[in-house]
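Starting from 1, each residue takes its place in the sequence as its number. Since the model is a prediction, treat every value here as computed from it, not as a measurement.
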Amino acid sequence: MNLIEKAKEQITALLQSAYAAAAADGSLPAGAELTGAVEIPKDVRNGDYAASHAMAAAKALHAAPRQIAQALTDHMDLSGSWFDSVEIAGPGFLNFRLGRAWYADVLRTVVEEGADYGRSDALSGQKIMVEFVSANPTGPMHMGNARGGVLGDALARVLHCAGADVWREFYVNDAGNQIEKFASSIDARYRQAILGEDAVEFPEDGYHGEDIIDLARSFRAKEGDGWLDKPVQERHAAMAAYGLSVNLPKMKSDLERYHIHYDEWFYESSLHNSGFVADTVAELTRRGHTYEKDGAVWLATSRIMGDKLLAQGKKPEEIEKLGLKDDVLRRANGFYTYFAADIAYHRNKLEVRGFDKAINIWGADHHGHVARLKAALDALGLDGEHRLDIVLMQLVKLLRDGEVVRMSKRTGKAISLSDLLDEIPVDAARWFFNSKAESQMDFDLGLAVRQDSENPVYYVQYAHARICTMLANLAAEGLSVPAPAQADTALLTDDTERALIKQLSALPEEIRIAARDYNPARIGAYCTDLAGCFHRFYAACRIKGEAEELARARLLLADCTRAVLENALGILGVSAPDKM
């Protein structure tokens with residue numbers, strides 16, 4: 001249950017009842033619609049919630065806001081509500097103060113909902129795919145993939161907690177030019193190993209990494225030198241298949257190690273082999289959105305996007321300045337482009353598999369691809385503008401002692417995801433990469449392994465472990481956590497106690513907003529704030545040695561904090577240790 005939303009709803013209901021009573025005795029004109037916002041003010045010393053309804057109704061009621069506020073206050077009945085008082089402030093705000101019942105209900109709800117606390121049905125009935133990482137299987141996964149993995153997985157978890165039916169997918173680019181380049185690179189290294197480096201020219205646009213040399217060497221060890229004289233096409237097909245058979249299992253194992261699990265690894269080749277790419281281009285042609293030029297089939301992207309912008313109110317001269325261009329779908333040689341396959345893949349998501357929403361986590365370098373892909377889906381009648389959402393993430397800079405790090409200590413090569421996880425804990429990697437996608441991030445390797453309060457993941461996990469240790473020690477002394485009905489929560493009146501309970505109440509709201517904004521970084525910030533609230537409570541409020549009723553109430557509060565920390569960390573895929 002979202003007790004913040006429920007409190008806002010209750011305030012709205014109280015205001016509506018007060019207006020009805022004021023209108024009935026003539027204190028305010030009848031027949032107006034009382035609307036306004038209910039917010040949590042930044043400074044809660046004057047109240048826990050502030051309502052703007054009196055100011056919003058001034059014009060309709062032909063009265064000053066403070067006069068309206070006074071009439072509403074005079075006719076308001078708070079009995080049976082979560083609020084103890086309502087006061088007028090400033091130009092006409094109505095400030096509500098929470099009473100003991102609300103604080104008690106927060107703790108009761110945390111206990112009753114247990115592992116489900118924070119979840120909601122806000123997105124119930126929505127079938128959402130989150131596609132993320134989707135790294136080319138031609139080499140090791142890099143830091144961008146590491147960040148995208150966390151952002152995608154954490155977002156999927158947040159959406160699931162908000163009630164959506166979530167599907168995680170990795171799109172395997174196992175067709176097209178990059179696979180031919182991959183195969184020709186392995187082939188060149190294979191032939192160089194047999195004939196000598198000077199005897200075989202390496203492709204100018206080939207992949208130069210050490211991993212390609214390793215693949216060629218292992219292919220030769222497995223198959224011998226017999227492939228040297230086979231036709232190029234056959235040789236490349238075999239080497240591409242071999243390279244993928246090595247790289248894909250390594251990708252899967254690295255991502256599993258990273259606590260990332262996919263519902264499906266979807267292969268681009270399946271779209272070509274089934275004829276779905278060709279069918280998608282044919283469908284665009286049938287709808288009148290393609291043309292032929294120089295033997296190739298083109299998508300009229302500029303016209304589709306231009307018409308869309310015109311409908312949105314853009315002027316023709318403004319659109320012309322954008323320099324919109326058309327896209328090749330099928331080359332003159334008969335091969336379909338990557339863009340054609342990408343359109344087909346997203347058509348498969350939305351039309352064939354029926355996802356209500358497709359969300360992709362992409363690097364910022366794909367920015368120019370977003371509008372074109374949405375336009376193509378619009379052209380297919382799939383409402384790409386609203387059913388396809390792209391989260392663009394910025395680059396990652398690795399630092400150690402303030403210096404940029406590019407090479408792995410262990411391998412001497414560019415740092416891959418595997419190298420990173422050899423150096424720092426998975427929990428730390430997941431925590432630090434769960435930052436705002438649109439911000440370039442500096443990843444401090446030294447900070448990630450520190451075991452002190454400067455390391456935010458350690459700070460939060462330590463709060464959980466501290467509670468677990470305290471509960472175990474007190475249980476050994478005969479003081480166990482009471483049920484909410486057996487605890488006098490009215491005794492929890494210290495500022496640190498109430499601040500902690502308010503923070504506990506915020507998790508469902510944070511999940512709702514994180515899901516709405518595609519921003520799971522909010523949950524990490526929430527965990528840090530919750531840990532801080534607990535540490536302040538722990539420093540100010542003793543449990544052991546206090547009067548039994550107060551000790552039991554504080555024990556319940558501590559245990560609720562433990563449970564909520566565990567739930568919130570679980571959303572991030574970060575562990576909640578019992579000991580540290």
[X] and [Y]: side-chain donor and acceptor closer than 3.5 Å?
X: N136; Y: T138; value: no
X: D342; Y: H369; value: yes
X: D389; Y: Y518; value: yes
X: D165; Y: H160; value: no
X: Q126; Y: D356; value: no

Donor-acceptor pair, side chain of [X] and main chain of [Y], under 3.5 angstrom:
X: N567; Y: Y117; answer: yes
X: E131; Y: I359; answer: no
X: N519; Y: A514; answer: no
X: S81; Y: F83; answer: yes
X: Q503; Y: A499; answer: no
X: S575; Y: P577; answer: no
X: R450; Y: D452; answer: no
X: D444; Y: L447; answer: yes
X: N2; Y: E5; answer: yes
X: D578; Y: A465; answer: no

For this session: Tell me, please, whether W265 has K252 positioned over its six-membered ring: NZ or CZ under 6.0 Å from the ring centre and within 45 degrees of its axis?
Result: yes
Exercise. On the ring face of F355, is R387 found with NZ or CZ under 6.0 Å from the centre and within 45° of the axis?
Worked result: no
Exercise. Do any pairs count as a ring-ring contact (aromatic ring centres under 6.0 Å, His included) and have a residue in residues 537-580, sequence neighbours left out, and if so which ones?
Worked result: F534-F537, F534-Y538
Working to the nearest 0.5 Å, report the span between [atom1] of [X] and [atom2] of [Y].
X: N95; Y: S85; atom1: CG; atom2: OG; answer: 9.0 Å
X: L530; Y: L507; atom1: CG; atom2: CG; answer: 8.5 Å
X: C468; Y: K579; atom1: SG; atom2: NZ; answer: 10.0 Å
X: L373; Y: I390; atom1: CG; atom2: CD1; answer: 6.5 Å
X: D365; Y: L392; atom1: CG; atom2: CG; answer: 9.0 Å
X: R498; Y: W102; atom1: CZ; atom2: CH2; answer: 10.0 Å

Problem set entry | Residue pairs passing the salt bridge (charged side-chain N to carboxylate O under 4.0 Å, His left out) test where at least one lies in residues 135-151, sequence neighbours excluded | none
Student check: side-chain heavy atoms of [X] and [Y] closer than 4.5 Å:
X: I179; Y: N173; result: no
X: K357; Y: M129; result: no
X: L248; Y: M251; result: yes
X: L377; Y: L350; result: yes
X: E268; Y: Y345; result: no
X: Y462; Y: Q451; result: no
X: V404; Y: K397; result: yes

How close do [X] and [Y] get, heavy atom to heavy atom, and via which atoms?
X: A448; Y: A428; result: O-CB, 3.5 Å
X: G524; Y: W431; result: O-CH2, 3.4 Å
X: D48; Y: P41; result: O-CD, 3.4 Å
X: L159; Y: I128; result: CD1-CG2, 4.1 Å
X: H535; Y: A463; result: NE2-CB, 3.6 Å
X: D84; Y: L98; result: OD2-O, 4.1 Å

Exercise. Can you list the steps and then say if H366 with N360 is a side chain to side chain donor-acceptor pair (under 3.5 Å)?
Worked result: CA-CA 11 Å; H366 287 76; N360 297 347; over 6 Å; no
Problem set entry | Step-by-step side chain to side chain contact (heavy atoms under 4.5 Å, CB included) determination, D559 to I467 | CA-CA 7 Å; D559 189 53; I467 298 170; 5.6 Å; no
Quick test of your reading of the model: are [X] and [Y] salt-bridged, counting only N-O distances below 4.0 Å?
X: R45; Y: D495; result: no
X: R353; Y: E264; result: yes
X: D427; Y: R430; result: no
X: D153; Y: R157; result: yes

Aromatic ring proximity, centroids under 6.0 angstrom, [Y] and [X]:
X: Y171; Y: Y262; value: no
X: F170; Y: F266; value: no
X: Y49; Y: F96; value: no

For this session: Before giving the answer on salt bridge (Lys or Arg N to Asp or Glu O under 4.0 Å), spell out for K250 and D254 the whole-Å C-alpha distance, their side-chain angles and the decisive distance to 0.1 Å.
Result: CA-CA 6 Å; K250 179 67 167 60; D254 284 347; 2.7 Å; yes
For this session: Take D529 and R522 through the test salt bridge (Lys or Arg N to Asp or Glu O under 4.0 Å) and record every step on the way to the result.
Result: CA-CA 11 Å; D529 290 343; R522 292 188 68 99; over 6 Å; no
For this session: Mind running salt bridge (Lys or Arg N to Asp or Glu O under 4.0 Å) on R97 and E87 for me, showing each step along the way?
Result: CA-CA 9 Å; R97 292 185 185 277; E87 303 161 3; 3.2 Å; yes
Exercise. Mind checking whether F443 and F433 have parallel, tilted or perpendicular rings, split at 30° and 60°?
Worked result: tilted
Exercise. In a check of side chain to side chain contact (heavy atoms under 4.5 Å, CB included) between K502 and each of I40, I4, V44, L3, which one passes?
Worked result: V44
For this session: Could you go through the side chain to side chain contact (heavy atoms under 4.5 Å, CB included) check for D105 and R108 one step at a time?
Result: CA-CA 5 Å; D105 281 349; R108 178 184 54 78; 3.4 Å; yes
